[in-house]
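Below is one structure, written out as structure tokens, with a few remarks after it.
Note that the structure is a prediction, hence the values are computed from the model and not measured.
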Amino acid sequence: MHTQSLKQAAAEIHQAVNDSKTRNTPRPFFFMIGAGVSHPRVPLASRVTDQCKEIAYKNGKNSPPPSNKPIDIYQHWLEQAYPQPRGRQKYFRGMIENAAISPANFRLAHLLLDKTITNLVVTTNFDDLLFRALTLFGERPIVCDHPETTLRIDPESDDLQIVQVHGSHWFYDCCNLKGEIQQRAQSAGDCPSSMRSLLDHILRSRSPIVVGYGGWEEDVFMSALRCRLKAGLATNLYWFCHSTDDQQALPAWLTGNSNVRIVAPNAPLVPGPGLADPPTIDAVSVFEELIRQFKLSEPKLTKDPLGFFTEHLHHSLDPSADDKLGEAPYFLGALLEDLKTLSQHPVYKQRRSLAEQEMNGILGAVREARYEDFIALASKVDLDGFQRAGKLSDLIVTLYAVVTGTYGDPNSTLAALDHGIEIATRIESSDASDQDCRIMHAIFLLKRGATLCEPGQKQEKDPVKALTTDILKFKIPATSKDRQEEEQAYDSITRWLLNLPNPRFVEDAALALFNAASVLAHTQQYDWAILAFSAVADHTPAIAGMHVQRLVAASMSNKGRLLFLQDRFDEAIQTCDKVVQQFGDSPDRTLQAQVARALVIKGISLANQNRLPEAVAAYDELIKRTEHAPDPALQSLASEAKAGRQKLAENVSPKNLPPESLL
């Protein structure tokens, strides 16, 4: 298997595109995108399954799926909830029609505007978010969303083109059941009006850049790709895996091919077991790295909005039509002249202040995914000038979006956090009622402490100070020496952050606290780590989204592990029981991994109390939950658990249990 980092793959794609330009040969790539590009605006299959299962249960349909394969589970509950094709189409249309454009679709549209990398996108998605993003930026692509429309697509054409291989949400014959997907994957021989024939034609001259797509061997894209790989590709295929689990799930015929490059997530910055989510590569990160590699300038819509709309309107008008004679009844010619006059106005051309010009440059760096430049620009601005121009709030919001949404170099992130804290302090001194600023200030402080403790930072030797001093100043005097008072203050701050009405702030606060707790645990500051993990576990509202629920589950199991390491076995058992009780029925595989881990910790804690029958029962439950799981990692856990159970049954010393990988 040929694996690469995100940066390495983007650099090779850049080189291949440049080589094709030098040789004046056709574009070597097309994008193959899946549900990960439209997430979170459109739910993933796991969420669709949960929703359909709930609807099916309400209608008295509770028969189990025929197998534990994800595609069979998805099809079973979808068909149970909506047995008619029209009903399924209405369900997906209701989900998609009014969905906002996802960040990844915006980034992909940006990449497509100048057609440098490619002008062609193939997708399994039903939604039109990419089409809408391109339209917003001033482009109208050709769309093929049915086998009868495949003749619209010409891989040699320079037009922007989108191929929806499973159809769209507008029509009832979109493919969402296993049999429908398999049927579309079948070869139609020489018939040009089939998705399989179209993909065969595309793959003869172009290689896919795969993003946000997991791959199912029986769908039309994978069937065509498997056939094509036997003959080889002129340019390497780049498959960006969201997680290592997704990488492991790919078939051997794909990963073992010499033309295929697998791009896998990097290891976590803070090592150790019990991560809330495995390391991932999301679609936004992939597209942003490509934008940086190709040095694409920001879209004209954001760089020069008046010029953009003036040009757009100009192309829509008949220059010979006369408003005065009623030949243009909406008098758009007059509107066009107004826009031209406004675009030449000194206020628009020069901006109202130096602060506005600087802010525009800062936003341009973000739009072009130049985050290092953004941090440098933001750190150099005249804060007094920004405050006079009323731009401090805009600057802190932009800083917040960057430091909570990207993972850059710790030193650069630290500079942005320090700058954000300075701006927040300044804003609060002039407007103490700015609640959003106060919230961002607290989250900046939490993230700053965790960043200071990352490997290579000087403050790593004193993690408690790095993680607590500044945040405690936020609530109590810095001169306080009372440990109980500090703990109560820390608990009070985290309770406030995790119960805010804005779900984005809650997720950011929970993640910052979880990372802080992980650093404390890694540096063996167990008491403070337990306090931080407890905050996430105890104060996060039950209605929080899936990502936050994963943080809660991981915080619980991590807390149980730390209690075990301190020989606080009863507390560890109680904590692990909460994990199983709260998340044991969830179909989410990340949550199931935390449940399995909690059962391991419970079993070994019971063994250390010489309660061997109960310990064996905990391992039996673990094996029952994992040995037939679709996730290879959970199956591996079941094998190790069986070995651990055997040792328990043989009354082996608990010190030899379990393997470190289980804890």
Discussion item. Please evaluate residues Phe31 and Phe287 with respect to the criterion ring pair (Phe, Tyr, Trp, His ring centres under 6.0 Å), reporting the C-alpha separation (whole Å), side-chain torsions for both, the decisive distance (0.1 Å), and the verdict.
Written reply: CA-CA 11 Å; Phe31 279 112; Phe287 297 142; 5.7 Å; yes
Practice prompt. Determine, step by step, whether Leu129 and Arg132 satisfy the side chain to side chain contact (heavy atoms under 4.5 Å, CB included) criterion, reporting the C-alpha distance in whole Å, the side-chain angles of both residues, the deciding distance to 0.1 Å, and the verdict.
Written response: CA-CA 5 Å; Leu129 301 191; Arg132 286 161 52 194; 3.2 Å; yes
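- How far CG of Leu111 is from OG1 of Thr116: 9.0 Å, rounded to the nearest 0.5 Å.
- From Ile202, atom CD1 reaches atom CD1 of Ile153 across 7.0 Å, with rounding to the nearest 0.5 Å.
- Although no hydrogens or angles enter the test, the distance criterion places no donor-acceptor pair under 3.5 Å between the side chain of Thr123 and the main chain of Gln164.
- Between Tyr238 and Gln4, the side chains place no donor N or O within less than 3.5 Å of an acceptor N or O (distance only, hydrogens not considered).
- Residue Arg550 holds its CZ atom at 4.0 Å from OG1 of Thr590, rounded to the nearest 0.5 Å.
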Practice prompt. Output, in order, the C-alpha distance, side-chain angles, deciding distance and verdict of side-chain hydrogen bond (donor to acceptor under 3.5 Å, both in side chains) for Ser102 and Asn105.
Written response: CA-CA 5 Å; Ser102 68; Asn105 271 301; 3.0 Å; yes
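- Side chain of Arg204 to main chain of Leu233: no donor-acceptor pair is present (N/O by atom type, distance under 3.5 Å, no hydrogens or angles).
- With contacts defined as side-chain heavy-atom distances shorter than 4.5 Å, the pair Glu156/His201 qualifies.
- The existence of a salt bridge linking Arg196 and Asp200 is confirmed by a sub-4.0 Å separation between a basic side-chain nitrogen and an acidic carboxylate oxygen.
- Contact check for Leu363 versus Phe374: no side-chain heavy atoms found under the 4.5 Å cut-off.
- The CG atom of Asn236 lies 11.0 Å from the CD1 atom of Ile209; values are rounded to the nearest 0.5 Å.
- Annotation: ring-ring contact (aromatic ring centres under 6.0 Å, His included) contacts of Tyr213 (sequence neighbours excluded): Phe221, Trp239.
- To the nearest 0.5 angstrom, Glu311 atom CD is 11.5 Å from Leu301 atom CG.
- For the pair Arg152 (side chain) and Val143 (backbone), a donor-acceptor distance under 3.5 Å is present.
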Practice prompt. In sequence, state the C-alpha distance, the side-chain angles, and the governing distance for Ser207 and Asn259, and then conclude on side-chain hydrogen bond (donor to acceptor under 3.5 Å, both in side chains).
Written response: CA-CA 9 Å; Ser207 296; Asn259 281 147; over 6 Å; no
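- Using a 4.0 Å cut-off between charged side-chain N and carboxylate O, Glu507 and Arg504 make no salt bridge.
- The closest side-chain heavy-atom distance from Pro299 to His110 is below 4.5 Å.
- A salt bridge does not link Glu368 with Lys295: every distance from a Lys NZ or Arg NE/NH1/NH2 to an Asp or Glu carboxylate oxygen is 4.0 Å or more.
- If you run side-chain contact (heavy atoms from CB on, under 4.5 Å) between Leu237 and each of Ile262, Leu225, Asn257, only Leu225 comes through.
- Residues Trp77 and Pro65 are in side-chain contact: their nearest non-hydrogen atoms beyond the backbone lie under 4.5 Å apart.
- Between the side chain of Arg88 and the main chain of Pro83, a donor-acceptor pair closer than 3.5 Å is present.
- No side-chain N or O of Arg206 forms a donor-acceptor pair with one of Thr235 less than 3.5 Å apart.
- Checked by atom type and distance alone, the side chain of Lys115 pairs as donor or acceptor with a backbone atom of Asp158 at under 3.5 Å.
- In this structure, Ser38 contributes its side chain and Ala35 its backbone to no donor-acceptor pair below 3.5 Å.
- Asp304 CG to Thr302 OG1: the interatomic distance, rounded to the nearest 0.5 Å, is 9.5 Å.
- Between Phe505 and Tyr400, the distance from one ring center to the other falls under 6.0 angstrom.
- Pairs passing the salt bridge (charged side-chain N to carboxylate O under 4.0 Å, His left out) check and including a residue from residues 36-46, sequence neighbours excluded, do not occur.
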Practice prompt. Evaluate the criterion side-chain hydrogen bond (donor to acceptor under 3.5 Å, both in side chains) for residue pair Arg367 and Ser297; output intermediate values, then yes/no.
Written response: CA-CA 8 Å; Arg367 290 163 182 155; Ser297 60; over 6 Å; no
Worksheet entry | side chain to side chain contact (heavy atoms under 4.5 Å, CB included) between Ile13 and Gln293, intermediate numbers included | CA-CA 9 Å; Ile13 291 170; Gln293 282 284 344; over 6 Å; no
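- Between the side chain of Arg261 and the backbone N or O of Ser258 there is at least one donor-acceptor pair closer than 3.5 Å.
- A heavy-atom distance below 4.5 Å is not found between the side chains of Thr49 and Leu78.
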Practice prompt. Please report the C-alpha distance between Met359 and Thr398 in whole Å, then the side-chain angles of each, then the deciding distance to 0.1 Å, and finally whether the side chain to side chain contact (heavy atoms under 4.5 Å, CB included) criterion is met.
Written response: CA-CA 10 Å; Met359 192 67 213; Thr398 310; 3.4 Å; yes
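- Donor-acceptor pairing under 3.5 Å is lacking for the side chains of Gln89 and Tyr82.
- Results of the side-chain contact (heavy atoms from CB on, under 4.5 Å) test with Leu112 over Asn119, Ile162, Val121, Ile117 single out Val121 as the only residue that passes.
- Val397 has its side chain within reach of Met440: a pair of non-hydrogen atoms, C-beta onward, lies under 4.5 Å apart.
- No donor-acceptor pair under 3.5 Å is formed between the side chain of Ser223 and the backbone N or O of Val220.
- Residues Arg140 and Leu134 fail the side-chain proximity criterion, which asks for heavy atoms closer than 4.5 Å.
- Under a cut-off of 6.0 angstrom, the local environment of CD in Glu54 is sparse, with at most 12 non-hydrogen atoms contributed by other residues, nucleotides or ligands.
- Remark: side-chain polar atoms of Thr25 are paired, donor with acceptor, to backbone N or O of Ser20 under 3.5 angstrom.
- Between Met32 and Val211 the shortest side-chain heavy-atom distance does not fall below 4.5 Å.
- Judged by distance alone, with hydrogens and angles left aside, the side-chain atoms of Thr310 form a donor-acceptor pair with the main-chain N or O of Leu306 at under 3.5 Å.
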Item to complete: Go through Glu289 and Arg292 one step at a time and tell me if the side chain to side chain contact (heavy atoms under 4.5 Å, CB included) criterion holds.
Response: CA-CA 5 Å; Glu289 184 60 36; Arg292 283 190 290 271; 2.9 Å; yes
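- Between Asp282 and Thr280, the side chains place no donor N or O within less than 3.5 Å of an acceptor N or O (distance only, hydrogens not considered).
- The stretch residues 292-311 participates, sequence neighbours left out, in these ring pair (Phe, Tyr, Trp, His ring centres under 6.0 Å) pairs: His14-Phe294.
- In this structure, His312 places its NE2 atom where only 12 or fewer heavy-atom neighbours from other residues, nucleotides or ligands lie under 6.0 Å away.
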